[in-house]
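Quick notes on the structure that follows.
The chain is numbered in sequence order, starting from 1.
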Amino acid sequence: MLIIKRYRKILSMICVLTIIVSLIVGLDSDAKSDAFEKVTITFNLETTMKITNSEGETLTINGDTFGDVSGTMDILEDKTLYYQPSYLRQLLVRKSDTYIIEQTNEGSNYIAIDESEYGGFVSFNTGDKCKAVVKFFPQSEVMLEGEKQLYSIDAWLTEKSADYEISGMLYKPISLKEEKNKLTVTGALGKTDVSVDALDGKFITEGTYYLFGEETVLGYNDKRAFVKNAAKINSKYTKRPVGLYVRPVNNNKNMFLSWTKVIKAHSYIVYRKKHASKKYKKVAIRNGRETNYYITDIKDNGIYEYKVLAKTKKNGKGKKIGKLSYGVKAVPLTNNKGNAISVCINKGSLSLKKGKKKTIKAQIIQGEKTLLDRKIRWISSNNKIAKVNKKTGKILAAKKGKCKIWAKAHNGKNSNKIAVKVH
C-alpha cells in the first residue's frame with residue numbers, strides 16, 4: 001500500500017488557505033489566537049473508527065453510512081471534499097494535546113490530523129483493525145499498533161521539521177518520536193519504504209530499507225538526509241543474481257544479505273558455505289520480491305559466506321534464471337578479522353582503442369583488524385564492449401561503445417564505477 005501523498009498536500013494547502021483568509025477578513029487578535037486552537041480531522045468516507053481526545057470527548061465515524069459522525073466532540077466546521085478517485089470528509093474541532101484513534105473495521109482506511117499551532121500533520125493509511133495515539137504536546141509522538149497489515153504513516157510534527165514517510169507491514173507496535181532534526185522510529189520491522197523530505201524542498205532521501213524492530217533514526221544534517229540502523233535494499237532489476245552484499249547490522253546482533261531483483265524471478269534459493277566441508281548448503285528460500293536474507297543468530301568466530309540462485313516459480317521451483325551467483329562473505333564486528341569498508345579506484349574514466357588492453361588497480365580500505373579476504377572481483381557492465389579479467393583487472397577493448405567497470409570486495413562492497421569508452 002503506497003503512501004497517499006496527494007491527501008497530505010491538499011490538506012496542507014487547505015490549512016494554509018484557511019489561515020490566510022482569516023487574516024484577510026481582519027479578525028481581531030483574540031479571534032486570530034482562537035483560529036490556531038483548532039485541529040482538522042480528515043478521512044475517507046469508508047472509514048469506521050472512534051477518536052478520543054485528552055478531555056475524553058469522542059468522535060465516532062461510521063463508514064457503513066459513508067462517514068456519518070456522532071459523539072461529544074464539538075464540530076466547528078464540516079466539509080466534504082472530492083479528490084479523485086474518492087470523497088473525503090473534513091471536520092474542524094477544538095485543539096487537544098492527544099488523540100486516540102481506534103479503527104474498528106477492515107478495509108482501506110485513511111485519516112489525517114492537522115494541528116495548526118505547531119504545524120503538525122499526521123496521516124495514516126491502514127488495511128485492518130488498529131489503534132493509533134497522536135501526541136502534539138509536550139513532545140511530538142505517534143504510536144500505531146494492531147493486527148498484521150499494510151500501513152503507511154506520513155508526518156511532519158513541528159513547523160520546522162522535515163516530512164517523514166514510512167510504509168510497510170505492521171508486525172508489532174510502531175513508535176515515532178521527534179527530536180531536533182530527526183525522527184526515531186521503534187518497532188518497524190521488515191521491508192520498509194522510507195522518505196525524508198525538507199518542508200522547504202532543499203533535500204530529500206528515499207528508498208527501501210530493512211528495519212530491525214529496534215531504533216531507526218530518520219533525520220538530516222547540513223541539509224543532507226540520512227537513515228541510521230537500517231539496511232538499504234537494492235530496487236533495480238537484472239537478468240541474474242548480482243549486487244550481493246553481506247554485512248553485520250543492528251549493532252552487530254545480526255547478519256544481513258541482500259541482492260538485486262532478477263527479472264521474471266518468483267523465488268530465490270540462498271546457499272551458505274559450510275567451511276568444515278567447504279560445500280554450499282541451501283539455507284533459505286525467499287519468494288516474490290524479497291531480495292534479502294536476515295540471519296538472527298550469529299557467532300563471533302563465524303564466517304558467513306553465501307550464494308544465491310533465482311528460479312522462475314515460487315518455493316524454489318521452476319527453471320533457474322542465469323547461473324548461481326558469485327559468493328560474498330563477511331564476519332561479525334566481534335571477530336578477530338575485519339570486513340572491507342570500501343573499495344577505491346583512482347580513475348573515473350578510460351578511453352581505449354578497439355583491441356587494446358589495460359590493467360587497472362583497486363585498493364580495499366579496511367579498519368584496524370586484519371582483512372578477512374584481500375581478493376578483488378572485477379565486473380564489466382557489458383563484456384561485448386570491454387571484457388575484464390575478474391581476478392586481475394585486465395581490460396580488453398572488444399567492440400566500439402561505452403560501458404562501466406568496477407571492483408567488488410569479499411563482502412560485496414563496490415568501488416566507484418569507471419566509464420569506459422572503446423573507439
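Counting heavy-atom neighbours within 6.0 Å of Lys177 NZ, excluding the residue itself, gives a total of 12 or less. Annotation: Lys148, atom NZ; neighbour count of heavy atoms from other residues, nucleotides and ligands within 6.0 Å does not exceed 12. More than 12 heavy atoms of other residues, nucleotides or ligands lie within 6.0 Å of CD in Glu102, so this atom counts as buried by the packing criterion. Heavy-atom contacts from other residues, nucleotides or ligands closer than 6.0 Å to CG of Asp78 number more than 12. Surrounding NZ of Lys135 are at most 12 heavy atoms belonging to other residues, nucleotides or ligands under 6.0 Å away. For Lys421, the NZ atom is loosely surrounded, since the number of other residues' heavy atoms within 6.0 Å does not exceed 12. The neighbour count for Lys311 NZ, taken as heavy atoms of other residues, nucleotides or ligands under 6.0 Å away, is above 12.
Of the possible donor and acceptor atoms, none in the side chain of Asn315 sits under 3.5 Å from a partner among the backbone N and O of Lys317. Here the side chain of Lys417 pairs no donor or acceptor atom with the backbone of Gly348 at under 3.5 angstrom. Formation of a donor-acceptor pair under 3.5 Å by the His266 side chain with backbone atoms of Gly288 is not found in this model. Between the side chain of Ser267 and the backbone N or O of Lys313 there is at least one donor-acceptor pair closer than 3.5 Å. Without hydrogens or angle criteria, Thr48 side chain to Gly63 main chain gives a donor-acceptor distance under 3.5 Å. Remark: side-chain polar atoms of Thr60 are not paired, donor with acceptor, to backbone N or O of Lys50 under 3.5 angstrom. In terms of modelled atom types and a separation under 3.5 Å, the side chain of Gln149 and the main chain of Glu147 share a donor-acceptor contact. Using modelled atom types, no side-chain atom of Thr184 and backbone atom of Val217 make a donor-acceptor pair closer than 3.5 Å. For Ser123 (side chain) and Phe121 (main-chain N/O), no donor-acceptor pair under 3.5 Å exists by modelled atom type. The closest donor-acceptor contact from the side chain of His410 to the backbone of Ala340 lies under 3.5 Å.
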side-chain hydrogen bond (donor to acceptor under 3.5 Å, both in side chains) for Asp300 and Thr334? Distances and angles first, verdict last. CA-CA 5 Å; Asp300 292 347; Thr334 47; 2.6 Å; yes
Going through the checks in order, is the side-chain contact (heavy atoms from CB on, under 4.5 Å) test met by Ile111 and Met49? CA-CA 9 Å; Ile111 186 165; Met49 60 180 61; 3.2 Å; yes
Between Asn229 and Asn251, does the side-chain hydrogen bond (donor to acceptor under 3.5 Å, both in side chains) criterion hold? Intermediate values first, please. CA-CA 8 Å; Asn229 196 27; Asn251 299 318; 4.9 Å; no
side-chain hydrogen bond (donor to acceptor under 3.5 Å, both in side chains), that's the test. Do Glu305 and Tyr280 meet it? Break it down for me. CA-CA 9 Å; Glu305 188 167 358; Tyr280 281 89; 3.2 Å; yes
Test Asp97 against Ser54 for side-chain hydrogen bond (donor to acceptor under 3.5 Å, both in side chains), laying out the working first. CA-CA 6 Å; Asp97 294 335; Ser54 303; 5.1 Å; no
Test log, rule ring pair (Phe, Tyr, Trp, His ring centres under 6.0 Å), inputs Tyr294 and Phe212: CA-CA 10 Å; Tyr294 182 42; Phe212 305 104; 5.3 Å; yes
Applying salt bridge (Lys or Arg N to Asp or Glu O under 4.0 Å), run through Glu214 and Lys253 and close with a yes or a no. CA-CA 11 Å; Glu214 300 189 12; Lys253 295 177 182 177; 3.0 Å; yes
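Note on Lys329 versus Asp373: salt bridge recorded, some NZ/NE/NH1/NH2 to OD/OE distance being below 4.0 Å. A salt bridge links Glu77 with Lys79: at least one charged nitrogen is closer than 4.0 Å to a carboxylate oxygen.
Considering all non-hydrogen atoms of both residues, Ile263 and Ile321 come closest at O-CD1, 3.7 Å. Here the closest heavy-atom approach between residue Tyr151 and residue Thr126 is recorded as CB-CG2, 4.2 Å. The shortest heavy-atom contact between Pro173 and Met143 is CB-SD, 4.3 Å. When all heavy atoms are compared, the tightest approach of Leu309 to Gly322 is CD1-O, 4.1 Å. Closest approach of Leu170 and Leu144 over heavy atoms only: CD1-O, 4.0 Å. Minimum heavy-atom separation, Pro241 to Ala310: CG-N, 3.8 Å.
By the salt bridge (Lys or Arg N to Asp or Glu O under 4.0 Å) test, Glu178 pairs with no residue at all, sequence neighbours left out. The ring pair (Phe, Tyr, Trp, His ring centres under 6.0 Å) search around Phe256 returns Tyr210, not counting sequence neighbours. Not counting sequence neighbours, Arg377 has no partner by the salt bridge (Lys or Arg N to Asp or Glu O under 4.0 Å) test.
Rounding to the nearest 0.5 Å places CD1 of Ile41 at 7.0 Å from CD1 of Ile61. In this structure, CG in Leu211 is found 7.5 Å from CD1 in Ile166, a value given to the nearest 0.5 Å. The OH atom of Tyr87 sits 13.5 Å away from the CG atom of Asn44 when rounded to the nearest 0.5 Å. Of the inter-residue distances, the one linking Thr216 atom OG1 with Leu176 atom CG reads 10.5 Å to the nearest 0.5 angstrom.
At least one side-chain heavy atom of Pro332 sits under 4.5 Å from a side-chain heavy atom of Tyr304. At a threshold of 4.5 Å between non-hydrogen side-chain atoms, the residues Asn339 and Val331 count as touching.
Less than 6.0 angstrom separates the ring centroid of Trp259 from the ring centroid of Tyr268. Ring-centre distance between Phe226 and Tyr220: not below the 6.0 Å cut-off.
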